[in-house]
Novice: 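Right, I'll just put the structure down here and ask away after.
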Amino acid sequence: MDYNILKKEIIDNIAIITISRPKALNALNTLFFNEMDSMIKELSNNKTVKAIIITGEGKAFVAGADIAEMVDKNSQEGSEFSRLGQNTFRSFGELDIPVIAAINGFALGGGLELAMGCDFRIASTKAKFGQPEVNLGLIPGYAGTQRLSRLVGMGDALYLLMTADMIGAEDALRIGLVQKVFEPEELLDECIKIAKNIASKGPNAIKKVKSVVRNGLEMGQIIGEELEAKEFGTLFGENSEGKEGMTAFLEKRKPEW
Ligand code: DAK
């Protein structure tokens, strides 16, 4: 597929997807979602890719869903547009490899929802975060109400959703919305370092960590622990990654995955 909005670069088995529609602050339209779905499919079929970083070009990460495209939608079309985004962002969580948001600037509305669909978020000191939908008489439509409250807790989520306040990177770090903050010129290199560090671990263990945490959050504690025990066991099979990792430790050598 030809991509108009997305750019892809692969550095040392780490794929960097840049959302590139800077004149509209990378606002998310239908073409974006179609391209992102294809890109995710393409990358998930490429077994040499060990992690994905998503970032934005220019002064925004993503300033939200494309208001110009949304304004004429009716209720049914609004729900369809909502489901399109929900499915795309959910697909990040279903991949076996980590998906990291490198938030370079504005992450507003649908842009913050995109970032929250990623496994974790690394921000530049210039990043700004908010859910300004209520300014437009809307609520988040790409799972933002659900993900924000799970990530930062109900109080901070309702504060951000009701006030539409924009917060900076330090506040985002404080409430756990992002995990690390770097100077803008260091952001991408630091994200690549983090991705390469994860890529050096047991790939099957990384895949299981991701699925057990993500699926476990949707279950009660006891059922989640049962899932953990089951997946833990799968890492102990003969010739398994776990056996190799533990043997390598005891033999004082690097594991070969
Ligand atoms: N959509 C379309 N165009 C946008 C945009 C957006 N979200 N954000 C910015 N732009 C465009 C501006 O219109 C402007 O275009 P021109 O006038 O140059 O043609 C260009 O990008 C540059 O923006 P500004 O001139 O405004 O730049 P500033 O630096 O002055 O301000 C800003 C930056 C980020 C503070 C400002 O642009 C802004 O407030 N933008 C809107 C932010 C916003 O409200 N975002 C949330 C969008 S609502 C749902 C599905 C999804 C959602 C809701 C429901 N369902 C289907 C139910 C999600 C909703 C949203 O994400």
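These numbers were taken from a predicted model, which means no experiment stands behind them. The figures that follow rest on heavy atoms only: side chains count, while hydrogens, waters and symmetry mates do not. As the structure lists them, so they are numbered: ligands from 1, and atoms in each ligand from 1.
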Novice: Please check if a non-hydrogen protein atom sits closer than 4.0 Å to atom 13 (O) of ligand 1.
Specialist: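 No, there is none.
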Novice: Under a 4.5 Å cut-off applied to non-hydrogen side-chain atoms, are Arg121 and Leu151 in contact?
Specialist: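 They are in side-chain contact.
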Novice: Take the angle between the ring planes of Tyr142 and Phe81 and call it parallel below 30°, perpendicular above 60°, tilted in between.
Specialist: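 Tyr142 and Phe81: perpendicular rings.
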Novice: Can you tell me if CD on Glu226 sees more than 12 non-hydrogen neighbours from other groups inside 6.0 Å?
Specialist: no
Novice: Counting N and O atoms only, with roles assigned by atom type, does the side chain of Tyr3 sit under 3.5 Å from a partner on the main chain of Met39, one being a donor and the other an acceptor?
Specialist: yes
Novice: Hey, is the main chain of Arg21 close enough, under 3.5 Å, to the side chain of Asn26 for a donor-acceptor pair?
Specialist: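 Checking the backbone N and O of Arg21 against the side chain of Asn26, a donor-acceptor pair under 3.5 Å is found.
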Novice: Nearest protein heavy-atom contact for atom 11 (C) of ligand 1: which residue, which atom, what distance?
Specialist: Ala24 CA, 4.0 Å
Novice: Is at least one protein non-hydrogen atom found at under 4.0 angstrom from atom 28 (P) of ligand 1?
Specialist: yes
Novice: Does the protein come close to atom 16 (P) of ligand 1 - that is, does one of its heavy atoms sit below 4.0 Å from that atom?
Specialist: no
Novice: Do any nitrogen or oxygen atoms of Gly110 come within less than 3.5 Å of a nitrogen or oxygen of ligand 1?
Specialist: yes
Novice: Let's go through Asp37 and Thr88 carefully: what are the C-alpha distance in whole Å and the side-chain angles of both, what is the deciding distance for side chain to side chain donor-acceptor pair (under 3.5 Å) to 0.1 Å, and is it a yes or a no?
Specialist: CA-CA 6 Å; Asp37 288 347; Thr88 303; 2.9 Å; yes
Novice: In terms of residue, atom name and distance, what is the protein heavy atom nearest to atom 35 (C) of ligand 1?
Specialist: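 For atom 35 (C) of ligand 1, the nearest protein heavy atom comes out as Met166 CE, 3.9 Å.
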Novice: Would you mind checking which non-hydrogen protein atom is closest to atom 36 (C) of ligand 1, with the distance to 0.1 Å?
Specialist: Leu25 CD1, 4.5 Å
Novice: Of the protein's non-hydrogen atoms, which lies at the shortest distance from atom 21 (O) of ligand 1, and what is that distance?
Specialist: Lys23 O, 3.3 Å
Novice: Between Asn13 (side chain only) and Ala51 (backbone N and O only), is there a donor and an acceptor less than 3.5 Å apart?
Specialist: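 Side chain of Asn13 to backbone of Ala51, a donor-acceptor pair under 3.5 Å: no, none is there.
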Novice: Any nitrogen or oxygen of Ala63 lying under 3.5 Å from a nitrogen or oxygen in ligand 1? Just yes or no.
Specialist: yes
Novice: Mark whether atom 31 (O) of ligand 1 lies under 4.0 angstrom from at least one protein heavy atom.
Specialist: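 For atom 31 (O) of ligand 1 the answer is no, since every protein heavy atom stays at 4.0 Å or beyond.
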Novice: Would you verify that at least one protein heavy atom lies under 4.0 Å from atom 19 (O) of ligand 1, or report that none does?
Specialist: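 So atom 19 (O) of ligand 1 lacks protein heavy-atom neighbours under 4.0 Å.
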Novice: Does some side-chain heavy atom of Val178 sit less than 4.5 Å from a side-chain heavy atom of Phe129?
Specialist: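 Yes, at least one pair of side-chain atoms sits under 4.5 Å.
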Novice: Looking at atom 23 (O) of ligand 1, tell me if a protein heavy atom falls under 4.0 Å from it.
Specialist: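 Under 4.0 Å from atom 23 (O) of ligand 1, at least one protein heavy atom found.
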Novice: Look at atom 44 (O) of ligand 1 and find which of Pro140, Pro132, Ala65, Gly58 reaches it with the closest heavy atom.
Specialist: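 Nearest heavy atom to atom 44 (O) of ligand 1 lies in Pro132.
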Novice: Does ligand 1 have an atom that lies less than 4.0 angstrom from a heavy atom of Gly85?
Specialist: no
Novice: For the backbone of Ile16 and the side chain of Glu9, can you confirm whether one donor and one acceptor N or O come within less than 3.5 Å of each other?
Specialist: no
Novice: Any heavy-atom pair between the side chains of Glu228 and Lys208 that's under 4.5 Å?
Specialist: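 Answer no - side chains too far apart.
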Novice: Between Ile67 and ligand 1, does any nitrogen or oxygen pair lie at a separation below 3.5 Å?
Specialist: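 Yes - when backbone and side-chain N and O of Ile67 are compared with those of ligand 1, one distance drops under 3.5 Å.
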Novice: Closest non-hydrogen protein atom to atom 39 (O) of ligand 1, residue and atom name please, with distance?
Specialist: Leu108 CD1, 4.8 Å
Novice: Where the closest heavy atom to atom 56 (C) of ligand 1 is concerned, which of Gly141, Ala143, Gly78 has it?
Specialist: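 Residue with the shortest heavy-atom distance to the ligand atom: Gly78.
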Novice: Donor-acceptor check, side chain of Glu35 to backbone of Asn4, threshold 3.5 angstrom: yes or no?
Specialist: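 Yes; at least one donor-acceptor contact below 3.5 Å.
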Novice: Suppose I only count heavy atoms of Lys59 and a 4.0 Å limit; which atoms of ligand 1 are within that range?
Specialist: 27 (O), 28 (P), 29 (O)
Novice: How far is atom 54 (C) of ligand 1 from its nearest protein heavy atom, and which residue and atom name does that atom have?
Specialist: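 The protein heavy atom lying closest is Ile139 O, 3.4 Å.
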Novice: Taking only heavy atoms of Gly109 into account, list the atoms of ligand 1 that are under 4.0 Å away from them.
Specialist: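 Reading through ligand 1 atom by atom, the close ones are 61 (O).
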Novice: Working note: Thr30 + Glu69, criterion side chain to side chain donor-acceptor pair (under 3.5 Å); need CA distance, chi angles, decisive distance, verdict.
Specialist: CA-CA 8 Å; Thr30 304; Glu69 186 181 309; 2.4 Å; yes
Novice: Distance under 4.0 Å to a non-hydrogen atom of Ala27: what atoms of ligand 1 satisfy this?
Specialist: 1 (N), 2 (C), 6 (C)
Novice: Any N or O on Leu136 sitting closer than 3.5 Å to an N or O of ligand 1?
Specialist: no
Novice: Can you tell me if Gln131 uses its side chain to pair, donor with acceptor, with the backbone of Leu161 under 3.5 Å?
Specialist: no
